[in-house]
Amino acid sequence: MKKLSSIVCLLAILLVVLPGPLYKWQLIELSTAFTGIRYGVFVAIAGLILLVVQAGFFRKSTHWPLFAISAVLAIVAVAMPLSIMSKAKSVPPIHDISTDVVTPPEFVAIAELRADAPNPVEYAGPETAAQQLKAYPDLTTLKFKENTKHVIRVSIDSVKSLGWELVSADVENGIIEATDTTMWFGFKDDVVIRVTAKGDGSELDIRSKSRVGKSDLGKNAERINQFIAQLSTELTQL
């Protein structure tokens, strides 16, 4: 019994964790990855049931350290997908976030890289804008007393500091484009930053859009907030 329960729990965590890297390395399709995670939850529940039976009827022969490890694996295999589901329910099912929803920054250099992406390069539209304004009312145009060249230079430094891939930096037109790759599944999300003159200072808008998926699980808004925090830090250090 102890071997069976341990094997089932190990299989469960593998079914939940491995689909991400396998999809990232282009070894399986996205639908297959999600199916694997779903089956992983079912297997984990079966593993927990076996552990309960083991603890209740085979206490004397139970190897408790192995039992504890198996229990942790099964619990994690259930908790990870449930956490993702909970996150999905807490944010709107959108994947295109911008600090300016009226005239959002447009992708130029990245447009070609997104040619085959399921999500088109164009802005998602009024319905997405309405959902964003309700969910993320704090994401608005940033205003700086510094001139555009200074803000652009620091923005480029911030992009690099965050580990994003800098695709294009058009200093003359105030447009910066970059790509951020998520760790688990390797999803590529694209970012465009627009800096314009405003009196003696400047204004900055940033847009982050996923290439794949209807819902971004709040990742694009989180990415924009990370950039804003990094930019503020770099500006204060200069």
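Residue numbers count from 1 along this sequence.
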Visitor: Scan the side chains in residues 192-200 for donor-acceptor partners under 3.5 Å anywhere in the protein, sequence neighbours excluded, and list what turns up.
Guide:
residue	atom	partner	partner atom	Å
Arg194	NH1	Thr103	O	2.9
Arg194	NH2	Asp100	OD2	3.0
Arg194	NH2	Thr103	O	3.0
Arg194	NH2	Asp205	OD2	3.3

Visitor: So which heavy atom on Ala178 is nearest to which on Val159, and how close?
Guide: CB-CG1, 3.8 Å
Visitor: What heavy-atom pair brings Ile37 and Pro19 nearest, and what distance separates the two atoms?
Guide: CG1-CG, 3.9 Å
Visitor: Measuring from atom OG1 of Thr99 to atom CG of Leu204, what distance do you get when rounded to the nearest 0.5 angstrom?
Guide: 7.0 Å
Visitor: With Arg211, which of Asn119, Asp116, Asp190 fulfils side-chain hydrogen bond (donor to acceptor under 3.5 Å, both in side chains)?
Guide: Asp190
Visitor: How many angstroms lie between atom OG of Ser6 and atom CG of Leu51, to the nearest 0.5 angstrom?
Guide: 7.0 Å
Visitor: Nearest heavy-atom pair of Ala124 and Lys209: which atoms, and what distance?
Guide: N-NZ, 4.3 Å
Visitor: Which one of Leu50, Ile45, Leu73 satisfies the side-chain contact (heavy atoms from CB on, under 4.5 Å) criterion with Val8?
Guide: Leu50
Visitor: Test of understanding: with ring pair (Phe, Tyr, Trp, His ring centres under 6.0 Å), list the residues that count as partners of Phe57, not counting sequence neighbours.
Guide: none
Visitor: Quick check: is Ile84 connected to Val76 through a chain of hydrophobic side chains (ILVMFWY, heavy atoms under 4.5 Å apart)?
Guide: yes
Visitor: Measure the spacing between NZ of Lys149 and CD of Glu172 and express it to the nearest 0.5 Å.
Guide: 7.0 Å
Visitor: May I ask you to check whether Tyr23 and Phe34 place their ring centres under 6.0 Å from each other?
Guide: no
Visitor: Would you mind reporting whether Arg38 and Val41 have side-chain heavy atoms less than 4.5 Å apart?
Guide: no
Visitor: Treating Ile, Leu, Val, Met, Phe, Trp and Tyr as nodes and any side-chain heavy-atom pair under 4.5 angstrom as an edge, say whether Leu4 and Ile13 lie in one connected cluster.
Guide: no
Visitor: Is it true that a side-chain atom of Asn220 and a backbone atom of His95 form a donor plus acceptor pair closer than 3.5 Å?
Guide: yes
Visitor: Do the side-chain N and O atoms of Gln230 and Gln226 include a donor-acceptor pair separated by under 3.5 angstrom?
Guide: no
Visitor: Does Leu30 belong to the same Ile/Leu/Val/Met/Phe/Trp/Tyr cluster as Trp184, with side-chain heavy atoms less than 4.5 Å apart forming each link?
Guide: yes
Visitor: Can you name the nearest heavy-atom pair linking Arg223 to Ser208, along with the distance?
Guide: NH1-OG, 2.9 Å
Visitor: Which value, rounded to the nearest 0.5 Å, describes the distance between Thr35 atom OG1 and Leu15 atom CG?
Guide: 11.0 Å
Visitor: Of the non-hydrogen atoms in Gly174 and Ile152, which two are nearest, and what is the gap between them?
Guide: CA-CD1, 3.6 Å
Visitor: Please check if atom OH in Tyr39 has more than 12 non-hydrogen atoms from other residues, nucleotides or ligands closer than 6.0 Å.
Guide: no
Visitor: Does Val167 belong to the same Ile/Leu/Val/Met/Phe/Trp/Tyr cluster as Phe227, with side-chain heavy atoms less than 4.5 Å apart forming each link?
Guide: no
Visitor: Report, as yes or no, whether the 6.0 Å neighbourhood of atom CD on Glu106 holds more than 12 heavy atoms from other residues, nucleotides or ligands.
Guide: no
Visitor: Return the minimal non-hydrogen interatomic distance between Ala169 and Ile156, and the atom names on each side.
Guide: CB-CD1, 3.8 Å
Visitor: Following the transitive rule for hydrophobic clusters with a side-chain heavy-atom cut-off under 4.5 Å over Ile, Leu, Val, Met, Phe, Trp and Tyr, establish whether Phe187 and Trp25 coincide in one cluster.
Guide: yes
Visitor: Might you work through the side chain to side chain contact (heavy atoms under 4.5 Å, CB included) test for Glu165 and Thr181, ending with a clear yes or no?
Guide: CA-CA 8 Å; Glu165 177 188 352; Thr181 303; 5.6 Å; no
